[in-house]
Amino acid sequence: MVIVSNPPMSRSGAIARLEPEVRQYDPRLALDGGEDGLAAYREIIPALPGLLAPGVLIALELGQANILTSPPVTGRF
């Protein structure tokens, strides 16, 4: 089984600079990843060991800015 997720990953301060077709039509809740864009990941990742069965793969989309400027928040369970 594979679970794929696209959590909110935009930094709160960057939402106003997103493309109009994103900023104007996607709910803010779906975009706002907090100050550094990683707030949802900090909630999701620690909960995974208690939620996933052995052998399940989870893939979480990260924005390029998150990968390049933020400390690692992922791990192997």
For this session: Would you please name every residue forming a side chain to side chain contact (heavy atoms under 4.5 Å, CB included) with E61, sequence neighbours left out?
Result: N6, M9

For this session: Just jot down the side chain to side chain contact (heavy atoms under 4.5 Å, CB included) partners of P27, sequence neighbours excluded, or say none.
Result: A30

Problem set entry | Y25 to P20 - nearest heavy-atom pair and separation | CD1-O, 4.2 Å

For this session: May I ask you to decide if G37's main-chain N or O and R11's side chain share a donor-acceptor pair within less than 3.5 Å?
Result: no

For this session: Please identify each residue that fulfils side chain to side chain contact (heavy atoms under 4.5 Å, CB included) with I15, with sequence neighbours left out.
Result: S10, L18, R28, L31, D32

For this session: Supply the atom-to-atom distance I45 CD1 to L60 CG, rounded to the nearest 0.5 angstrom.
Result: 5.5 Å

For this session: Kindly compute the distance separating CD1 (I44) from OG (S5), expressed to the nearest 0.5 Å.
Result: 5.0 Å

Exercise. Hey, any chance L51 and V56 share a hydrophobic cluster, counting ILVMFWY side chains that come within less than 4.5 Å of each other, even indirectly?
Worked result: no

Exercise. Roughly how far, to the nearest 0.5 Å, is CG of L52 from CG of L57?
Worked result: 9.5 Å

For this session: State the CD-CD distance between Q24 and E19, to the nearest 0.5 angstrom.
Result: 11.0 Å

